[in-house]
Every structure is written in structure tokens, then in C-alpha cells.
Protein chains: 2
Amino acid sequence: MDALKSKVQSKYDEFSKGLKMVAKHFLANPEAFAMNSGVQVGQEINVSETTVIRFSHALGYSGYSALQKDVQEQLLNKKSSLFEFHHMKNSTDMDQEFSKKMMVKDAEVILQTAERLNVEDFTKAVDHLARSERVLVSGVRSSHAMAQWFSFTLDLMRGNVRLFRPDTDDIMLRISEMNEGSTFVAFSFHRYALETINMAKEAKRQGAFVIGITDSEVAPIREHADILFTVQLPIKSTLDVAPAVFSLMNAIVGAVAVKNSEQFAKRTKVYEELQLNRFFGE
Amino acid sequence: MDALKSKVQSKYDEFSKGLKMVAKHFLANPEAFAMNSGVQVGQEINVSETTVIRFSHALGYSGYSALQKDVQEQLLNKKSSLFEFHHMKNSTDMDQEFSKKMMVKDAEVILQTAERLNVEDFTKAVDHLARSERVLVSGVRSSHAMAQWFSFTLDLMRGNVRLFRPDTDDIMLRISEMNEGSTFVAFSFHRYALETINMAKEAKRQGAFVIGITDSEVAPIREHADILFTVQLPIKSTLDVAPAVFSLMNAIVGAVAVKNSEQFAKRTKVYEELQLNRFFGE
DNA sequence: ATTATAATGAAGTTTATTCTTTTTTTCAAC
DNA sequence: GTTGAAAAAAAGAATAAACTTCATTATAAT
């Protein structure tokens with residue numbers, strides 16, 4: 001399989017626009033080629049069957065059927081070799097075990113978080129985030145990445161979202177901009193930086209709606225939050241909450257996008273059109 | 001697969017002579033059923049196509065096509081393991097459905113990413129990240145949160161990790177610090193900001209080891225990366241890759257921590273002791 | 001702007017596959 | 001050995017897939 005894949009990778013640059021789309025899809029999901037007909041594959045990627053066949057030709061096959069046969073064989077061989085791999089327990093694939101195990105754990109934490117999520121709170125939070133005039137997001141140190149992603153993504157969606165930047169922003173100024181039409185989102189995780197907590201307190205005093213995202217139901221931020229989302233790890237876990245928090249944020253942002261779908265479509269269109277070639281590759 | 005196989009086994013005694021032959025062959029070599037047409041399967045076991053079709057009927061399928069599709073799916077375990085577990089039928093609430101669905105999808109993407117992860121690459125990357133004198137991390141715009149988290153966390157672990165800051169850092173200066181003992185980590189996701197790509201190119205030219213984290217096997221960063229990790233979403237998905245990327249990073253950082261465990265323990269101890277009460281709550 | 005070149009998808013043709021119907025074979029009972 | 005029931009094969013019809021051609025559209029070069 002890898003041989004075929006790297007062949008596709010190496011030829012990728014010579015391909016036309018349509019072929020590139022097919023190639024990308026092939027690399028991402030070769031199973032689709034093994035199991036479906038040419039038309040089906042084409043439909044899935046919005047390309048004509050003809051282009052799929054041309055892709056086969058470009059790789060040196062006589063047609064789609066030939067490519068499909070080859071993919072099928074390689075895929076099934078890989079399966080069996082992977083199966084063998086699982087059985088040998090020597091030390092070299094400890095790492096495989098390790099990475100996989102950790103990621104499975106992350107997935108489990110996400111499911112558990114989803115399970116525990118309070119629907120009412122979720123709906124209310126989404127509602128405020130969609131409607132608020134202004135949104136201010138804060139999170140420092142270990143929580144800063146979360147705050148950054150959340151504000152960046154939400155700003156794409158609805159605008160008027162601001163990330164508090166501890167290095168350059170003035171706390172008092174930012175806080176003074178908060179009022180009844182504002183929402184403040186605080187990311188406060190273990191060690192619970194006082195900066196964020198105090199901001200939440202002040203924001204609330206100014207009448208803003210405060211959403212707290214944290215790792216414990218008794219975290220200090222709870223006092224100042226109208227809504228509290230908690231992402232909890234299994235005890236004694238060395239995991240990081242980040243994957244689960246991002247999944248939660250993803251759901252929130254997605255829900256906001258759905259709620260404001262027309263506004264969202266307009267904004268992203270404008271954003272896409274703005275892109276200048278000299279800033280981006282491909 | 002096992003379910004289907006044992007069904008065949010249990011019905012075996014009731015079968016006619018011809019069907020028994022087909023059943024035997026099916027148990028021995030189900031791949032043939034996944035990949036070949038009815039006639040071909042028949043020929044291989046000296047039985048008519050009709051008998052193969054009858055075999056499909058005997059198992060309760062509408063015809064050979066239906067059997068084949070099922071076998072294909074089971075062999076490539078297209079059926080996601082999670083979907084089986086989390087059949088959410090209980091909730092009537094649309095919002096609950098929504099948030100949960102999104103998060104379940106995130107979990108699935110993580111599992112798939114774990115599945116596809118190349119062990120060798122993972123080991124090699126961890127090795128470099130643990131041993132390198134210096135590590136430089138870059139990611140702008142939508143990738144910036146990832147870069148921030150990764151550099152922050154890895155820096156806690158081993159030190160000498162630097163995040164490239166587009167607003168204040170000088171590209172040339174940062175690049176010129178790279179050499180054979182350095183590792184450069186590039187987060188390059190859709191729209192593929194040129195800044196990161198060019199930095200990777202230059203870093204490589206300076207002899208640094210380059211690790212690319214991206215969303216496609218043909219993303220532009222691939223040319224300049226010694227190791228490429230791809231986190232792919234199912235096509236047509238409106239999801240964000242962030243949760244899966246964070247899970248991958250989590251695994252990487254975790255592996256580095258294990259590798260450098262004594263160093264890591266010392267560093268975090270120092271860090272913990274440093275904390276002054278007036279910075280943190282509780 | 002104009003032309004030449006290449007890429008694309010719609011429509012049409014051919015080939016392959018599945019499924020149904022009909023005929024033939026098998027085999028046991030008499 | 002004939003007969004009849006049951007199963008398999010062969011033939012045929014219907015369907016679906018793969019491939020080809022060609023007109024249209026996009027891209028690049030002048």
C-alpha cells in the first residue's frame with residue numbers, strides 16, 4: 001500500500017486540478033477505492049467518473065478496474081500483516097502501543113465529556129455566544145492555546161471576538177468594555193491563574209455573561225461563572241485535558257455556526273476571497 | 001467478520017453438497033468474496049455462479065452483491081467500533097444530539113489517526129524531540145494554538161523549546177539559530193501559510209531535523225519535512241482537526257516525557273516550587 | 001485580447017455482473 | 001432401469017459498471 005501511496009505522492013505535482021483532488025482523496029481514504037465503483041468515488045469528491053478513470057491511467061493502470069484490484073489486494077495484505085504485528089510483543093513496538101493507547105484514552109475522555117455535558121447549559125452558552133455584541137476570551141499559560149483557538153475560530157464565525165493578550169492588553173481597559181451585551185469566556189485550568197479569575201469577577205460585575213471552562217466542579221472560577229463546563233480526566237491520569245477541551249469547543253463553535261449559518265457563510269466567503277496567493281501555499 | 005463466519009458454520013450442516021463447498025471456501029478465504037465477482041468465485045471452487053448466489057440467499061442476503069458489500073465492510077472494518085457502542089437513541093433533544101454527535105466524531109477521528117500513525121516515524125520524532133539541543137515550533141493563524149500548546153508543554157518537559165512568534169520574532173534570526181542539533185516542528189494546515197513552509201525549508205537547509213504536522217499527505221510542507229504526520233478528516237466534514245491534532249501532540253509529548261523521565265521530573269518539580277501564591281488561585 | 005493547449009464532464013457504447021428462468025444432471029427409492 | 005424430487009448448470013434478460021468519444025470549459029502563452 002505504502003508503495004502505491006508514495007507513487008501517488010511523487011506524481012502529485014504533475015497532476016491537474018481534478019486529478020489532484022482524486023489523489024488527495026485516495027491518500028486519505030483508499031478504502032473507498034477498494035469497495036466502490038468509479039462513479040461512486042467520483043460523486044464523493046465531486047468529480048466525474050471520467051476523471052477517476054484518468055487517475056487510474058495516470059498511475060499506469062489499464063483502467064479503474066485494474067487500480068481497484070491492486071488496491072484491494074494491497075489493503076487486504078496490509079490487514080493481515082498488521083494482525084501479525086499485534087501479536088508480536090517485542091519491545092520495539094512498545095511505542096506503537098504507547099501512542100495508540102494514549103490516543104484511545106483521549107477519545108474516551110471526549111466521549112465521557114460528551115456524556116456529562118449539560119444540554120441546557122450548552123444551549124444557553126451557544127445562544128449567548130451567537131447573540132452577544134462582543135465576546136472576550138481569556139486564558140493564560142497552559143490555557144492560552146485553548147483561548148487562542150476559541151477566539152480565532154469564533155471570530156471567523158461571527159466577528160467581534162477578542163482574545164485577551166496578557167502581554168499587550170490592559171486588563172482594565174478590556175474589562176471596562178464589557179457590559180450586559182457582552183459574553184466573557186474564561187479558560188481556567190489547574191493552577192488557576194488569578195488573572196483570568198479576576199477578570200471573570202470584574203466582567204461579571206460589569207454585567208457580562210460569563211462562561212467558564214475548567215477541570216473541576218469546584219474550581220475557583222465557578223463563583224464567577226454563569227455557566228460552567230467541566231472537562232474531567234480520570235484520576236491519576238497523566239493525560240492532558242486539551243484534546244477533550246478542543247472537542248468541546250469544537251462542538252460549541254459548530255453550534256454557533258449552525259445558529260448563525262447565513263452570517264457565517266457570508267463571513268467565511270469574504271474571508272476566503274481575501275486570501276492572497278503570496279500568503280498561502282497551494 | 002467473526003459473526004458472519006460463525007453464522008456460516010452454524011448453518012453448514014443444513015447445506016447441500018454444493019453449498020457446503022462454497023461455505024468451506026468462504027470460511028477459508030473470505031477475501032475472495034470481497035474482491036471477485038460471483039462467477040469468479042464459482043470458478044475457483046468448481047461450482048456455478050448460481051450456487052454462489054444461492055449461498056448468499058441462504059445467509060439471508062438479497063443476493064451476491066449484498067453479501068459482498070457486507071464482507072468488504074467487515075474485512076476493512078469500516079464499521080467504526082465506536083458507533084456500535086454509542087448508538088444514541090435515548091435523547092430526543094436536538095442540541096444534545098448535536099453536541100454529542102460532534103464530539104463522538106472527534107473521538108472517531110482520533111482513533112483513526114491513531115490507527116494510521118506510522119510507528120517508525122513516531123519513534124523517530126520522539127527521539128529527536130527528546131535529544132535535540134534546541135527545538136523551534138511554528139504555526140500561524142489557525143495553526144497557532146497548536147504550536148503554542150506544543151511548545152509550551154514540550155518546554156515544560158525538556159526546556160530549550162521556542163515558539164516562533166510572527167509578531168515579534170525575526171524569522172531570519174530564529175532560522176539562523178538552527179543547526180544539525182536542532183529540530184523544527186511545523187504546523188501547517190489548510191491554507192498552508194507560506195511563513196511556516198518557508199521556515200521549514202530554511203530550517204532544513206541549515207541542517208535541522210524537520211517534523212511536519214498537517215492535514216494531507218500532499219500538503220506543501222511535505223517537501224521540506226523529514227517526518228510528516230497527517231491528521232485527516234473524513235471528506236465533506238465540517239469538523240475541525242484540532243481535537244485530533246491535540247491528541248497526537250499529547251501522545252508525542254507524553255512519549256518524550258517517558259523517554260526523559262528523570263529530567264522531566266526534576267524540571268516539573270522546580271516549576272511547581274516556583275509558583276507563587278499571588279499568581280494562582282486555590 | 002487571441003489563440004493554442006489541456007482538462008473536464010456529459011452522453012453514448014461496450015463490457016461485465018447479477019439475477020431469473022429454463023434445462024440438465026444427480027441420486028435415491030422403488 | 002425408471003421415476004421423481006432436489007440441486008446444479010446453462011442460457012437469457014436486466015442492470016450496472018467501465019470505458020470512449022466529443023463538445024465545452026478552463027488555463028496558459030503570446
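Bear in mind that the values here come from a model prediction, so they are computed numbers and not experimental data. Chain letters run A, B, ... following the sequence lines, proteins first, then strands; residues in each count from 1.
Applying the 6.0 Å contact sphere to CD of A/Gln40 captures more than 12 heavy atoms from other residues, nucleotides or ligands.
Atom P of nucleotide C/dA6 and atom NE2 of A/His57 are separated by 18 Å, given to the nearest angstrom. Taking atom NZ of A/Lys20 as the reference point, atom P of C/dA7 lies 11 Å away to the nearest angstrom. Look at CZ on B/Phe55: it is 15 Å from P on C/dT18, rounded to the nearest Å. Distance A/Lys69 NZ to D/dA18 C1': 13 Å, rounded to the nearest Å. Nucleotide C/dA7 holds its P atom 19 Å from the CD atom of A/Glu49, rounded to whole Å. One atom, OH of B/Tyr61, and another, C1' of C/dT17, lie 19 Å apart when rounded to the nearest Å. In this structure, B/Ile53 atom CD1 and C/dT17 atom C1' are separated by 9 Å, rounded to whole Å. When rounded to the nearest whole Å, the span between CE of A/Met21 and P of C/dA7 equals 16 Å.
Considering NZ of B/Lys204 and CZ of B/Phe209, their distance stands at 9.0 Å, rounded to 0.5 Å. The CZ atom of B/Phe164 sits 4.0 Å away from the CD1 atom of B/Ile171 when rounded to the nearest 0.5 Å. B/Asn198 contributes atom CG, which lies 9.0 Å from atom CD1 of B/Ile175 (distance to the nearest 0.5 angstrom).
Less than 4.0 Å separates DNA chain D from at least one heavy atom of each of the following residues of residues 11-19 of chain B: B/Ser16, B/Lys17, B/Gly18, B/Leu19. If you check residues 36-45 of chain A against DNA chain D, the residues with a heavy atom closer than 4.0 Å are A/Ser37, A/Gly38, listed by number.
The side-chain heavy atoms of A/Val135 and A/Asn160, taken from C-beta on, include no pair separated by under 4.5 Å. The side-chain heavy atoms of A/Met35 and B/Glu73, taken from C-beta on, include a pair separated by under 4.5 Å. Within the 4.5 Å cutoff, side-chain heavy atoms of A/Phe55 are placed close to those of A/Phe33.
Here the shortest heavy-atom pairing between B/Asp121 and B/Ile227 reads O-CD1, 3.4 Å.
Nearer the 5' end of DNA chain C, as judged by each residue's closest nucleotide, is the contact made by A/Thr51, out of A/Thr51 and B/Arg54.
Contact of A/Thr50 with C/dA10 (side chain to base): a donor-acceptor pair of N or O atoms is detected under 3.5 Å.
Proximity note for B/Tyr64 (side chain, C-beta onward) versus D/dA9, D/dA18, C/dT18: the nearest is C/dT18.
A distance-only check finds no donor-acceptor pair linking the side chain of A/Thr153 to the backbone of A/Phe150 [under 3.5 Å].
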